[in-house]
Student: 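Pasting a structure here, questions to come.
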Amino acid sequence: MTKTDETGPLDDQEFATFRDLLRRYLAHELGQWDLLRTDTPYGTAYLHMSRALPPGTTKEMYRPI
């Protein structure tokens with residue numbers, strides 16, 4: 001990657017790389033679940049990755065990547 005502004009939104013190529021790496025992580029690294037957090041300019045962001053749907057949700061509620 002040769003992006004000069006590493007603080008802004010992802011460009012199309014960066015998003016494609018992120019999506020591909022995330023798919024790989026989910027296929028080969030994720031056990032039953034993982035919880036991640038990171039600070040952002042808008043506050044802390046929390047990420048819950050799981051092989052099970054959270055209660056009260058359906059797979060149609062999720063955007064495929």
Student: Tell me if a side-chain donor or acceptor on Glu29 pairs with a main-chain N or O of Leu26 at a distance below 3.5 Å.
Tutor: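 No, the answer is negative, given that no donor and acceptor are paired below the 3.5 Å cut-off.
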
Student: Is Leu47 close to Leu35 at the side-chain level, that is, under 4.5 Å between some pair of heavy atoms?
Tutor: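 Of all side-chain heavy-atom pairs linking Leu47 with Leu35, none is under 4.5 Å.
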
Student: Under the 3.5 angstrom rule, does the side chain of Arg23 hit a backbone N or O of Ile65 as a donor-acceptor pair?
Tutor: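 Confirmed, Arg23 side chain pairs with Ile65 backbone.
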
Student: Examine distances only and state if a side-chain atom of Arg51 and a backbone atom of Leu30 form a donor-acceptor pair shorter than 3.5 Å.
Tutor: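 Present.
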
Student: Do other residues, nucleotides or ligands put more than 12 heavy atoms under 6.0 Å from Phe18 CZ?
Tutor: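 Not more than 12 within 6.0 Å, no.
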
Student: Using a 4.5 Å cut-off on heavy atoms from C-beta on, say whether the side chain of Leu53 contacts that of Tyr62.
Tutor: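 Answer yes - side chains close enough.
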
Student: Are Tyr25 and Leu36 connected into the same hydrophobic cluster when the rule is that any two of I, L, V, M, F, W, Y join if their side-chain heavy atoms are below 4.5 Å apart?
Tutor: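 Result: yes, single cluster for both.
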
Student: With side chains defined as the heavy atoms from C-beta onward, is the minimum distance between Leu22 and Asp20 less than 4.5 Å?
Tutor: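 No, side chains not in contact.
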
Student: Met61 vs Thr58, test: side chain to side chain contact (heavy atoms under 4.5 Å, CB included). Steps then yes/no.
Tutor: CA-CA 6 Å; Met61 298 170 79; Thr58 65; 3.4 Å; yes

